[in-house]
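Residue numbers start at 1 and run along the sequence shown. The basis for the numbers below is simple: all heavy atoms, side chains too, and nothing from hydrogens, waters or symmetry mates.
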Amino acid sequence: MANVPRDLLDRIRELERQLRELAGRSQTRPAMNQVVKGDMRVGEGGAFGVYPPGNKTAIFATGFWGGTEYGMAIRRLDGSLALSVRNGTDDKLPQPLRLHDSRGVEIWSDDVKAGGMARPFLGLLPPQNTNPSTWPRTTESGWTAIARSFNIVYHPKLRLYMDTDAPSGTAGQVRVRLDGADWGPTVTAGTAYDYTGPTRAGVEGLVELRVEARRTSGSGAVAACPLMLYGCMS
């Protein structure tokens, strides 16, 4: 048998080493239930769902919805729809985000045609009387409550805008109290009160707003009329 060149034997041993190394790496790959690098892609009419044991309805589903639509839905364990991003009726419309109660009633959604919010319908302040002589008023020299309201708040802040008035020859001040503490500035009667501040009540907390006024000189009455009140973000 002819002698095999030493460099060829070295090459064979190197190849064997590399094969052993590759075999070892194949045993250390990530578990099949993990995506370590890259994206997990579901396409070509596919969908992804999470199903609880014994339930044929996915509590989370995303992907192909039918027609030309791809969407997403989250359901409660009993199968009732909780949240969805889909049309269901017209594939040409932008997909609305909908939130549902446990009975399936749509309680929140965005307006996909004009922007903003579609549901729920929110109460707005109706047009107010612009005649200051009919506004809540006082002629007292000490701070006197002339208007009061209670509100359940869902935002960390409130904004209140209010017109104030005092007739010629009369001077006074107007302030707002929130749960018995000063809230915002004290304004001179005849100037607007416009303030945004914290509620300090927490979500679903009940707050009392009290408008107080006092006359500092003259013989007329100091009056005020709230024109805007809404909750806002921090």
Side-chain angles (χ1 to χ4, degrees), residues 1-120 122 153-157 196-205 231-234:
M1 177 177 175
N3 293 330
V4 178
R6 181 171 295 277
D7 63 340
L8 183 57
L9 291 174
D10 291 341
R11 291 180 183 180
I12 291 173
R13 282 193 288 268
E14 178 63 19
L15 288 173
E16 290 176 342
R17 186 191 65 78
Q18 292 178 3
L19 285 173
R20 287 193 298 270
E21 185 177 333
L22 288 173
R25 288 179 179 177
S26 68
Q27 301 303 316
T28 60
R29 67 180 184 272
M32 297 301 290
N33 62 351
Q34 298 180 24
V35 179
V36 178
K37 293 184 179 180
D39 300 328
M40 183 178 69
R41 181 181 178 87
V42 179
E44 301 298 330
F48 174 81
V50 177
Y51 296 82
N55 197 329
K56 296 182 179 180
T57 302
I59 59 174
F60 174 78
T62 183
F64 182 67
W65 217 265
T68 60
E69 185 178 18
Y70 285 73
M72 185 272 290
I74 297 176
R75 295 181 180 274
R76 300 174 181 85
L77 197 58
D78 63 1
S80 61
L81 186 62
L83 185 146
S84 66
V85 181
R86 60 166 301 201
N87 287 321
T89 55
D90 188 347
D91 292 350
K92 296 180 181 179
L93 288 174
Q95 293 175 309
L97 172 64
R98 296 185 175 101
L99 183 66
H100 306 263
D101 69 8
S102 59
R103 298 171 299 168
V105 177
E106 184 178 313
I107 58 176
W108 190 95
S109 60
D110 58 336
D111 192 312
V112 297
K113 290 185 177 180
M117 190 166 63
R119 288 185 175 87
L122 299 180
V153 295
Y154 289 88
H155 297 83
K157 287 188 175 182
T196 301
T199 64
R200 301 186 294 272
V203 177
E204 293 189 351
C232 54
M233 62 184 183
S234 59

Would a distance-only check, ignoring hydrogens and angles, find a side-chain to backbone donor-acceptor pair under 3.5 Å from [X] to [Y]?
X: S84; Y: L99; result: no
X: Y70; Y: G46; result: no
X: D110; Y: L97; result: yes
X: D39; Y: R41; result: no
X: R76; Y: L81; result: yes

Between [X] and [Y], which heavy-atom pair has the shortest distance, and what is it?
X: S80; Y: S102; result: CB-O, 3.7 Å
X: R86; Y: P96; result: O-CD, 3.2 Å
X: Q95; Y: E69; result: NE2-OE2, 2.9 Å
X: A73; Y: W65; result: CB-CH2, 3.4 Å
X: P156; Y: C232; result: CD-O, 3.5 Å
X: I107; Y: P120; result: O-CD, 3.4 Å

Next item on the list: Output the distance between atom CD1 (I59) and atom CG (L77), rounded to the nearest 0.5 Å.
Entry: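 If we round to the nearest 0.5 Å, I59:CD1 and L77:CG are 6.5 Å apart.
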Item checked: Reported CZ-to-NE2 distance for the pair R119 and H100, which is rounded to 0.5 angstrom ->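 Rounded to the nearest 0.5 Å, the CZ-NE2 separation comes to 10.0 Å.
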Next item on the list: Please collect all ring pair (Phe, Tyr, Trp, His ring centres under 6.0 Å) contacts where either partner lies in residues 39-61, sequence neighbours excluded, each pair once.
Entry: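 Of all non-adjacent pairs touching residues 39-61, none passes ring pair (Phe, Tyr, Trp, His ring centres under 6.0 Å).
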Checklist line | Salt bridge present between D101 and R103 (N-O < 4.0 angstrom) | finding: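 The answer is yes: the pair qualifies as a salt bridge.
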Item checked: F64 and E44, any side-chain heavy atoms less than 4.5 Å apart ->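 Contact flag for E44/F64 side chains = no.
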Notebook entry, point to check: Within a strict 4.5 Å, meaning less than it, do heavy atoms of the E204 and Y154 side chains meet?
Noted result: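 Yes, side chains in contact.
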Check: Can T57 and R75 be said to form a side chain to side chain contact (heavy atoms under 4.5 Å, CB included), step by step?
Finding: CA-CA 8 Å; T57 302; R75 295 181 180 274; 3.4 Å; yes
Checklist line | Other residues, nucleotides, ligands: >12 heavy atoms within 6.0 Å of L122 CG | finding: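 It does: L122 CG has more than 12 such atoms within range.
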Item checked: Results of salt bridge (charged side-chain N to carboxylate O under 4.0 Å, His left out) for E14 - residues two or more places apart only ->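 With sequence neighbours excluded, E14 shows a salt bridge (charged side-chain N to carboxylate O under 4.0 Å, His left out) to R17, given in chain and number order.
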